[in-house]
Undergrad: 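A single structure is presented below for examination.
To find a chain, count down the sequence lines: A is the first, B the second, and so on, and within it residues start at 1. Below, each value reflects all heavy atoms present in this structure, side chains not excepted, and no hydrogens, waters or symmetry copies.
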There are 2 protein chains.
Amino acid sequence: MMVSEKSVEKSFASLHAPFIMNAAEADVIRALRKKGVISRTGISSITGWSKAKTSQEIRSLIGKGYLVEEGEGTSQGGRRPGLLRINDQLGYLVGLDIGATSIDAVLADVGGKVLQRITSPADVRQSPEEFLSHCSELILEMVTAQACRHDQILGIGVGVPGPVDFSRGVLVAPPLMPGWENFPIRSFFQQTFPTSYVVIDNDVNIMAIGEQRAGDGIGVDHFIFIKIGTGIGSGIVSNGKIHRGSIGCAGDIGHICVDKQGPICRCGNTGCLEAMAAGPAVTEKALQAAKNGSSPLLRKMMEDNGGFLGPEDVNTACREGDQAALEIIRASGQMIGDVLASLVNFFNPSHIFIGGGITNFGNHLLVSIRRAVLRRSLPLATTDLSINFSRMGPEAGVTGAVALAREYLFIVEGQPTFKV
Amino acid sequence: MMVSEKSVEKSFASLHAPFIMNAAEADVIRALRKKGVISRTGISSITGWSKAKTSQEIRSLIGKGYLVEEGEGTSQGGRRPGLLRINDQLGYLVGLDIGATSIDAVLADVGGKVLQRITSPADVRQSPEEFLSHCSELILEMVTAQACRHDQILGIGVGVPGPVDFSRGVLVAPPLMPGWENFPIRSFFQQTFPTSYVVIDNDVNIMAIGEQRAGDGIGVDHFIFIKIGTGIGSGIVSNGKIHRGSIGCAGDIGHICVDKQGPICRCGNTGCLEAMAAGPAVTEKALQAAKNGSSPLLRKMMEDNGGFLGPEDVNTACREGDQAALEIIRASGQMIGDVLASLVNFFNPSHIFIGGGITNFGNHLLVSIRRAVLRRSLPLATTDLSINFSRMGPEAGVTGAVALAREYLFIVEGQPTFKV
DNA sequence: TAACTTTGTTCACAATACGAACGAAGTTAT
DNA sequence: ATAACTTCGTTCGTATTGTGAACAAAGTTA
């Protein structure tokens with residue numbers, strides 16, 4: 001009686017994160033993470049543990065509900081292997097990508113498979129409480145839609161547009177959202193989702209993580225992810241790990257100076273990359289071209305738009321062969337490329353991924369960036385360098401947020417912050 | 001008989017690197033590395049192993065000759081602890097810092113204590129065989145002077161002025177020493193010193209390692225070490241580890257563009273930092289000032305020198321209050337600072353250490369660098385940033401080379417490249 | 001149908017690591 | 001000065017951990 005009651009309690013409790021395990025079990029989980037579906041013998045040969053021990057640990061993990069059997073594989077000339085996988089029904093993960101004007105949220109299973117995605121307009125100038133309550137509602141909306149319980153949310157990964165003290169999980173002097181400084185995002189979410197582990201990171205860092213876990217950055221040790229949109233930022237991966245810097249503001253390349261005689265930036269300095277080459281600068285130049293007559297097409301688009309032009313208008317004009325628009329995009333690409341050239345010399349990455357709203361500017365932008373980098377970097381640093389748009393599109397952020405949360409799903413005895 | 005013979009053989013063989021040990025023994029060694037001299041109980045509490053097990057492993061390590069007893073410590077209110085330390089007589093390490101015109105070599109014991117240091121002029125344009133033979137002779141000279149055997153050299157750390165493929169231990173497309181490309185430095189040294197493990201790294205990287213292990217960089221996770229001399233280079237530490245980049249040329253900031261209208265650099269581009277702010281540029285500007293009459297003092301020094309001026313002359317002139325010399329140094333500092341400002345935004349280090357020949361230019365240079373960085377970097381990135389000269393002087397390189405070699409002294413069963 | 005192969009479990013055994021007890025060496029309180 | 005406590009390190013019995021060998025299960029191939 002006693003024993004059976006205890007075991008029932010335990011199997012229920014085990015549905016709540018974090019999942020505690022020993023080192024050998026962690027090896028098994030790691031092997032499963034890598035391979036997805038694999039046999040006991042396969043796990044044994046990956047982990048190095050004997051077949052006997054491996055089998056035993058797997059029995060334990062199945063007992064706890066972490067693993068499930070997934071039918072049988074094909075015979076390799078003998079008995080068919082019994083396949084195993086991590087129990088995706090163990091619970092759910094949430095990824096949040098907080099932008100200045102919108103929230104991107106996904107609900108995924110513990111395997112990282114996205115079940116639902118929501119995008120919602122929002123204003124980051126709201127108070128953190130209001131804004132995050134909105135986020136919680138979005139999560140609960142998905143929870144309801146997917147018919148799961150809110151206490152099955154095991155991890156929440158959050159990307160925010162500002163510098164983050166990663167270990168404390170708070171924003172540090174964020175220019176876009178001053179009221180958020182030191183706001184305890186982690187405990188806010190844990191009030192509503194007490195079963196979940198909450199990780200906060202910079203928005204570009206989570207995009208880089210997304211690229212590293214689910215994009216073309218898999219297996220790449222040194223790369224830079226550039227986000228070009230309203231601002232310009234970057235996520236840095238060094239030796240396979242995110243480089244966040246001393247106080248978490250690494251990658252903030254938007255305010256690198258490209259021209260001391262340039263226009264004044266919102267940061268107060270002159271000639272910042274962001275002020276000269278990001279979205280607003282591009283549309284500003286386009287408006288000038290429309291007004292001063294150098295581009296009749298842009299002028300027409302402006303008039304049709306009621307006096308406004310967006311980045312996508314410049315792109316359209318460029319596609320239709322408008323020289324002024326092309327020149328604006330080229331100039332932007334060259335300035336970005338000049339900055340990247342310095343960073344390539346300094347950091348020697350093997351890949352640069354470019355993402356963010358400006359991505360659909362297409363090849364003209366990419367070509368000018370590449371050309372500038374090739375011209376100004378050391379030949380050695382560029383021989384093995386690829387510069388490309390991220391193929392993950394707008395999903396890089398939330399994908400990375402989920403991947404980040406997923407890292408902290410399991411906890412190993414003795415090791416305070418173990419990542420599987 | 002058999003047994004005793006065997007054990008003699010074993011204890012002799014154990015004098016040759018690498019020293020193989022199990023995981024628990026490695027924990028003991030690691031604790032000893034950290035504390036230097038420590039009791040058995042102390043090791044037990046650091047490693048987490050029980051007193052019984054710790055004692056046993058220590059007995060084994062003493063038996064192998066890796067550890068020695070170091071008298072007794074002071075009582076903490078009970079029996080006096082028996083102190084232990086790593087056996088410094090185990091063998092010796094060599095650090096080599098190869099410069100364009102000189103070799104800096106040290107012989108150290110396995111504790112890292114420098115026993116002897118030699119500096120010798122050399123020309124890197126020699127063939128690798130000639131040059132490295134010269135290095136070997138220097139090492140043997142020290143070996144003789146210190147009355148140790150050449151087969152007691154257990155590790156050689158080498159810093160070379162060029163990009164290094166660290167895992168293969170060869171230079172990759174080095175501009176200063178084209179004939180060295182892919183030359184097997186490692187096996188060259190192992191012919192003469194078959195008992196030693198040879199590690200090759202970039203010259204600025206080993207300076208950064210020196211700063212990290214024995215200088216003000218101890219415990220600093222993110223820093224940049226800048227070397228300013230004939231050229232300008234940097235060593236990068238991210239998350240406590242050297243960042244070498246995709247092909248090993250990370251940190252090569254000398255060819256970052258500071259002025260597109262600037263003079264032509266030896267790399268072929270225009271306006272590189274190196275061409276505008278490094279040693280040769282400084283002396284060139286000083287010569288101009290001497291010739292065009294804007295500095296009578298420099299003119300006099302030039303004439304006394306037979307038409308030449310060195311960086312130290314500019315420094316002297318500056319100290320004596322010469323305005324032209326001061327302006328030259330300030331301009332150099334500002335350009336370096338402007339580049340560093342970009343790197344600070346990108347990398348967010350907590351420390352920048354400046355070393356190399358130009359270091360003794362003193363405060364004028366440092367102040368202008370700091371001022372430029374503070375003006376052009378994000379305030380957030382500079383709040384916690386310290387920019388200082390390295391206090392290790394010309395010994396940073398060799399110290400780092402020894403530290404690097406020392407990491408590979410012990411090898412743990414199963415783990416291919418374990419660092420203690 | 002017999003002879004291999006591969007998978008996974010069982011079980012006895014070896015090794016590993018620990019706790020408790022103890023001896024050794026010192027310090028502090030009375 | 002002596003008793004009582006502390007700390008250090010070793011010894012030893014024991015519990016735990018992990019393994020290899022044997023075996024059972026399930027299939028494939030000659």
Side-chain angles (χ1 to χ4, degrees), chain A residues 20-32 34-64 66-87 412-415, chain B residues 20-32 34-64 66-87 412-415:
Chain A
I20 298 170
M21 47 178 54
N22 63 40
E25 287 174 328
D27 285 343
V28 171
I29 293 287
R30 217 181 287 120
L32 275 158
K34 200 171 168 184
K35 296 287 178 181
V37 174
I38 190 176
S39 70
R40 288 168 176 77
T41 310
I43 292 173
S44 166
S45 69
I46 288 178
T47 60
W49 297 105
S50 67
K51 283 196 298 176
K53 171 123 181 105
T54 305
S55 252
Q56 182 191 316
E57 299 297 346
I58 286 170
R59 240 190 323 277
S60 152
L61 286 168
I62 290 177
K64 291 185 196 169
Y66 300 0
L67 261 50
V68 288
E69 270 158 313
E70 176 94 344
E72 292 184 338
T74 55
S75 165
Q76 306 293 319
R79 170 174 167 179
R80 283 196 299 258
L83 298 180
L84 299 156
R85 59 176 301 139
I86 295 178
N87 180 9
V412 178
E413 299 170 337
Q415 269 169 289
Chain B
I20 298 171
M21 46 179 55
N22 61 41
E25 286 174 329
D27 286 342
V28 171
I29 293 287
R30 216 179 290 119
L32 276 159
K34 200 172 168 185
K35 295 287 179 180
V37 174
I38 190 174
S39 70
R40 288 167 175 77
T41 309
I43 292 174
S44 166
S45 69
I46 288 178
T47 61
W49 296 106
S50 66
K51 283 196 297 176
K53 168 113 180 120
T54 305
S55 253
Q56 181 191 316
E57 299 298 344
I58 287 170
R59 241 190 322 277
S60 152
L61 286 168
I62 291 177
K64 291 185 195 169
Y66 299 1
L67 261 51
V68 289
E69 270 158 314
E70 177 93 345
E72 291 183 338
T74 55
S75 164
Q76 307 291 319
R79 171 174 167 179
R80 284 196 298 258
L83 298 180
L84 299 156
R85 59 176 301 140
I86 296 177
N87 180 9
V412 177
E413 299 171 337
Q415 270 170 287

Undergrad: Which nucleotide sits closest to the side chain of A:Pro81: D:dG27, C:dG26, C:dG8?
TA: C:dG8

Undergrad: Does B:Glu72 or A:Gly78 map to a spot on DNA chain C nearer the 5' end, using the closest nucleotide for each?
TA: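 Closer to the 5' end of DNA chain C: A:Gly78.
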
Undergrad: Identify the residue among A:Ile43, A:Val37, A:Val28 that makes a side chain to side chain contact (heavy atoms under 4.5 Å, CB included) with A:Leu84.
TA: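 Exactly one option meets the side chain to side chain contact (heavy atoms under 4.5 Å, CB included) with A:Leu84, and it is A:Ile43.
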
Undergrad: Counting only side-chain nitrogens and oxygens, does A:Ser50 get under 4.0 Å of the OP1 or OP2 atom of D:dT19?
TA: yes

Undergrad: What is the distance, rounded to the nearest whole Å, between atom CZ of B:Arg59 and atom C1' of D:dC12?
TA: 12 Å

Undergrad: Without decimals, in angstroms, what is the distance between A:Leu61 CG and C:dG8 P?
TA: 15 Å

Undergrad: Using whole Å, report how far CZ of A:Arg40 lies from C1' of C:dT10.
TA: 14 Å

Undergrad: A:Ile43 CD1 to D:dG18 C1': how many Å, rounded?
TA: 17 Å

Undergrad: Between B:Glu25 and B:Lys64, does a salt bridge (Lys or Arg N to Asp or Glu O under 4.0 Å) hold up when you go through it step by step?
TA: CA-CA 11 Å; B:Glu25 286 174 329; B:Lys64 291 185 195 169; 3.1 Å; yes

Undergrad: Which residue lies toward the 5' end of DNA chain C, A:Gly77 or B:Gly48, if each is placed at its nearest nucleotide?
TA: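 Its nucleotide being nearer the 5' end, the pick is A:Gly77.
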
Undergrad: Whole angstroms only, please: what is the CZ-C1' distance between B:Arg80 and D:dT7?
TA: 12 Å

Undergrad: Using only modelled atom types and a 3.5 angstrom limit, is any donor from either the side chain of B:Arg79 or the base of D:dT7 paired with an acceptor on the other?
TA: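 No such pair is found, so the answer is no.
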
Undergrad: Take the protein atom CD of A:Gln76 and the nucleotide atom P of D:dA26, then report the distance between them rounded to whole Å.
TA: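 Spelled out: CD on A:Gln76 to P on D:dA26 is 18 Å.
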
Undergrad: Taking atom P of D:dT17 as reference, at what distance in whole Å does atom CD of A:Glu25 sit?
TA: 11 Å

Undergrad: Just call it for A:Ser39: base, sugar-phosphate, or nothing, with non-hydrogen atoms closer than 4.0 Å on any strand.
TA: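 The answer is sugar-phosphate, as A:Ser39 gets under 4.0 Å only of primed atoms, P, OP1 or OP2.
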
Undergrad: Describe the nucleic acid contact of B:Lys53 in one word from base, sugar-phosphate, nothing, applying a heavy-atom distance below 4.0 Å.
TA: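 Counting heavy atoms under 4.0 Å across all strands, the contact made by B:Lys53 is with sugar-phosphate only.
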
Undergrad: I would like to know whether B:Asn87 and B:Leu67 meet side chain to side chain contact (heavy atoms under 4.5 Å, CB included); could you show each step before the answer?
TA: CA-CA 5 Å; B:Asn87 180 9; B:Leu67 261 51; 5.9 Å; no

Undergrad: Measuring only between side-chain heavy atoms, which start at C-beta, is A:Leu83 closer than 4.5 Å to A:Ile38?
TA: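 No, too far: nothing below the 4.5 Å cut-off.
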
Undergrad: Are there more than 12 heavy atoms of other residues, nucleotides or ligands under 6.0 Å from atom NZ of B:Lys35?
TA: no

Undergrad: Side chain of B:Thr41: nearest nucleotide among D:dT28, C:dT7, D:dG9?
TA: D:dG9

Undergrad: Rounded to the nearest angstrom, tell me the gap between atom CD in A:Gln56 and atom C1' in D:dG20.
TA: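 Nearest whole value for this atom pair: 15 Å.
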
